[in-house]
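In what follows, a structure is listed as structure tokens, so that the remarks can point back to it.
Indexing begins at 1, ligand by ligand and atom by atom, following the structure's order. Every heavy atom of this structure was used, including side-chain atoms; hydrogens, water molecules and symmetry mates were not.
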Amino acid sequence: MLGRFQYNDIIFSGEVFDGIVYPDPVYQQLDDEYPLSSLLILPPALPSKIVCVGLNYADHAKELNMELPKNPILFLKPPSAVLAHEGLIRYPAESEQVDYEAELGIVIGKKCRHVSADSAFDYILGFTCFNDVTARDLQRADGQWTRAKSFDTFAPVGPFIVTPEELGRQNLSPGRLSVSCRVIRGQNEEVRQSSSTSEFIFGIPNLIAFISSVMTLEKGDIIATGTPPGVGALLVGDTVEIEIEGVGVLRNTVVSAE
Ligand code: MG
């Protein structure tokens with residue numbers, strides 16, 4: 001697994017195995033290894049943009065009684081919204097309904113444009129957990145999605161990036177991963193979303209082909225692949241966990257904005 005970390009004032013990338021972080025050797029001032037617990041976990045990528053897919057689960061389309069889209073519906077979240085594992089989601093004063101959306105995140109490994117579906121995996125660094133946090137009332141009020149999707153802290157991502165090879169070693173395929181969301185409220189822990197990427201309307205290769213036919217994808221860009229059924233509201237004080245099979249658990253707590 002790949003990640004970004006902070007030790008004192010030093011920010012670095014490295015690999016994680018069994019709770020030990022091995023910094024990239026370019027960071028000569030660092031030791032060869034650190035216990036993960038001694039480091040601050042940062043967002044695992046620094047995207048120039050986050051490209052999100054609006055409706056991409058057949059079971060979610062059914063839940064909403066919507067026809068399947070002919071093309072992926074795309075929108076963007078800004079890099080300023082990125083939040084690390086264990087970071088605090090700030091509930092904006094302007095909103096009265098902030099929702100979670102559990103999503104598989106794809107992290108782009110190298111700059112690309114006009115990628116064919118057949119070669120899409122050449123451009124994937126790996127997979128991560130993503131929470132497409134959304135101020136649903138503002139999304140409805142505005143008629144377009146930028147404000148609702150773009151508040152600072154509305155793009156929790158991580159904790160790490162799992163490469164396609166690492167998934168393969170676990171006998172897992174990115175097109176057949178369970179995706180779930182749990183909300184912990186006081187003593188109560190509830191599974192709110194539970195589906196599989198096998199419900200994708202547009203598979204990973206087709207998404208990369210479609211998005212890269214529109215825009216250049218840069219190394220570190222994140223594609224958020226849409227959310228399954230069961231989307232719902234978060235309250236201040238909730239802890240929300242996005243779990244993706246073989247990829248990890250992304251945990252964040254909601255606080256009120258000052
Ligand atoms: Mg979404």
Item checked: Among Arg251, Arg192, Arg185, the one residue meeting salt bridge (Lys or Arg N to Asp or Glu O under 4.0 Å) with Asp238 -> Arg185

Next item on the list: Around the Mg ion (ligand 1), list the protein N/O/S atoms within a radius below 2.8 Å, excluding water molecules.
Entry: Glu101 OE1, Glu103 OE2, Asp132 OD2

Next item on the list: Return the orientation label for the Tyr7 and Tyr34 ring planes: parallel under 30°, perpendicular over 60°, tilted otherwise.
Entry: tilted

Checklist line | CZ (Arg113) with more than 12 external heavy atoms under 6.0 Å | finding: yes

Item checked: Sequence-distant partners of Thr253, side-chain hydrogen bond (donor to acceptor under 3.5 Å, both in side chains), two or more places apart -> Thr239

Next item on the list: Each residue besides Phe17 in its hydrophobic cluster should be listed here, by chain and number; the cluster joins Ile, Leu, Val, Met, Phe, Trp and Tyr at side-chain heavy-atom distances under 4.5 Å.
Entry: Ile20, Tyr22

Check: Tell me the ring pair (Phe, Tyr, Trp, His ring centres under 6.0 Å) pairs involving residues 94-123, sequence neighbours left out?
Finding: none

